[in-house]
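Input: a single structure, listed below in structure tokens.
Throughout, a chain's letter reflects where its sequence line sits, starting with A, and its residues are numbered from 1.
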Amino acid sequence: MSVHPIAAVLGGQVPLGRRTTVQGWVRTRRDSKAGLSFVTVHDGSGFEPLQVIAPAELPNYRGEVLHLTAGCAVRVTGELVASAGKGQGVELRAEKIEVVGGVEDPETYPIAPKAHSFEYLRTVAHLRPRTNSIGAVARVRHCLAQAINRFFHERGYFWIHTPIITASDCEGAGALFRVSTLDLVNPPRTPEGSIDFGQDFFGRETFLTVSGQLNVEAYCLALSKVYTFGPTFRAENSNTSRHLAEFWMVEPETAFADLHANADLAESLLKSIFRALLDERADDMAFFAQRIDKTCIQRLEQVIQSPFKRLDYSEAICILERANRSFEFPISWGMDLQSEHERYLAEDYVDGPLVLMNYPKEIKSFYMRLNDDGRTVAAMDVLVPGIGEIIGGSQREERLEVLDARLGELGMNKAAYHWYRDLRRYGSVPHAGFGLGFERTVSYVTGMNNVRDVIPFPRTPRSADH
RNA sequence: UCCCCGGUAGCUCAGUCGGUAGAGCAAGUGACUGUUAAUCACUGGGUCCGUGGUUCGAGUCCGCGCCGGGGAGCCA
């Protein structure tokens, strides 16, 4: 007897009247005095569960079937039939129900067939993928990840596996997690008394990466079109619905590209993966639209159709200064935008994705290309309603003397960037790239408003329990 | 890290003026029913986050700590 995923059974890949086997976990059981029980079974292959009809004639009906509760693992063999009830087209008329794994105490099984708060589900992160919401999130994540790889592959971009362990705290993109095998209690000391990292595993200080960008630039200046897609680590003590200590980021880097080409790439990437999501995960998106965020589908359709609004930072400042509305933090040219400003621009002024470009150099990173005005850099942020910054990127400074001047201004150690500077000494070309926050993207498309609920096992300050 | 709010049954919450705790859902039992967030009845289920204090008496008031949420900063 062949085993089928429930998605295949419901998707018409098993003809009516055919015998088949499904395997999964019980969601609910309802008993009927008509001599049968209804057991809904899910296996994660798609959003919809399968309704199993368990006739009272089954040999284990009284002994086992009548005691099935949420979470029990079962293997069911039977005939696929048209449903005699409303609510589903087909159902499986069981000839055999095997309890593969029972639930030892139904009363304390953490995932009851009822509504749970996401805060609670985080405390049972090992069982929450069995819920509708978290299961749907997992499939959406997969779909988007596949769509991202497909998008780049089709455009000639190569996926570069940049290192997780890094020796440079470059970028200043946030606090770092140290990687060390030294004895924390009694570390080796230098004659001066500081910790002797020369005796550490790598013979120097090392950390978990905060970005694959600098490494991927090296491959960009060889393979032309490249990207990274992997985990990233930031030891910031950030406690918000938009931050994780471990998150995933997509970072394309394109040689011979300027800021506008970069923004074009960002826009087409987002549109492409949103289209794929609507096409491939209509079941899960229908659920999010029904239970989580009524507007999530129409929002994506609108984003796909309309061009992203683009604004220079300077224009944005003018708009904010003219805004008929008081901000907690008054804004003026040269200041970094606060959340309330980004919110106003993305939610009120545009009501959709917005690309902000050409920021003052003082508020951006050293590697961003200095514009001809001498006071702004070719940076861009993509802001979306509800989330804020979903993409941050720039055209990179490819001119060695300008880069060195910036390093000097910021008091950074040139020697530490020797290989990065080499890229500017040997065949340097204009190039540009950005970082797309994967969890923020999943959060945006599903309407799940906390990134802790769109990554399987969230790591946040004081929390790494599973 | 800062500001605000919270922690009571397996879960979501109520608990008045300080007088030893209640509902809904879930679970168990039964009734009913091609059911589907089923319905109805009954039953079991509590370290009121921890700790110290005030008081004759603390879920309730006060101090400290821990944990969670929302917002801010940082950022993707």
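- Annotation: ring-ring contact (aromatic ring centres under 6.0 Å, His included) contacts of H126(A) (sequence neighbours excluded): H466(A).
- Q88(A) comes within 4.0 angstrom of a nucleotide base, judged by non-hydrogen atoms across all strands.
- With sequence neighbours left out, E362(A) forms a side-chain hydrogen bond (donor to acceptor under 3.5 Å, both in side chains) with no residue at all.
- Applying the side chain to side chain contact (heavy atoms under 4.5 Å, CB included) rule to Q290(A) yields no partners; only residues at least two apart in sequence or on another chain are considered.
- Among the atoms of the strands shown, only primed sugar atoms or phosphate atoms (P, OP1, OP2) are found under 4.0 Å from some heavy atom of A34(A).
- For the OP1/OP2 pair of G73(B) and a distance below 4.0 Å, the side-chain nitrogens and oxygens of N237(A) include no atom meeting the criterion.
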Side-chain donor-acceptor distances from residues 54-67 of chain A under 3.5 Å, at least two apart:
unit_1: N60(A); atom_1: ND2; unit_2: E64(A); atom_2: OE1; d: 2.9
unit_1: N60(A); atom_1: ND2; unit_2: I97(A); atom_2: O; d: 2.8
unit_1: Y61(A); atom_1: OH; unit_2: S37(A); atom_2: OG; d: 2.7
unit_1: H67(A); atom_1: ND1; unit_2: R62(A); atom_2: O; d: 3.4
unit_1: H67(A); atom_1: ND1; unit_2: G63(A); atom_2: O; d: 3.3

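- For the side chain to side chain contact (heavy atoms under 4.5 Å, CB included) test, residues two or more places apart in sequence or in another chain that qualify with P458(A) are R128(A), L244(A), R452(A), I455(A).
- Legend: residues meeting ring-ring contact (aromatic ring centres under 6.0 Å, His included) with F229(A), ordered by chain and number and at least two apart, are W248(A), F438(A).
- When the C1' atom is used for both G71(B) and G57(B), the distance is 40 Å, rounded to whole Å.
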Scan nucleotides 30-32 of chain B against the protein and return all N/O pairs shorter than 3.5 Å with their distances rounded to 0.1 Å.
none

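- In terms of the side chain to side chain contact (heavy atoms under 4.5 Å, CB included) criterion, residue partners of D293(A) (sequence neighbours excluded) are, by chain and number, T295(A), C296(A), R299(A).
- A salt bridge links D381(A) with K364(A): the distance from a Lys NZ or Arg NE/NH1/NH2 to an Asp or Glu carboxylate oxygen falls below 4.0 Å.
- Taking side-chain N and O atoms only, R343(A) has a distance below 4.0 Å to OP1 or OP2 of A72(B).
- Considering only residues two or more places apart in sequence or on other chains, H42(A) meets the ring-ring contact (aromatic ring centres under 6.0 Å, His included) condition with none of them.
- Within residues 49-59 of chain A, the residues having any heavy atom closer than 4.0 Å to RNA chain B are, in order of number, Q51(A), I53(A).
- Residues meeting the ring-ring contact (aromatic ring centres under 6.0 Å, His included) test with H341(A), sequence neighbours left out: F327(A).
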Dump every N/O contact between nucleotides 21-28 of chain B and the protein below 3.5 Å, one line per pair.
none

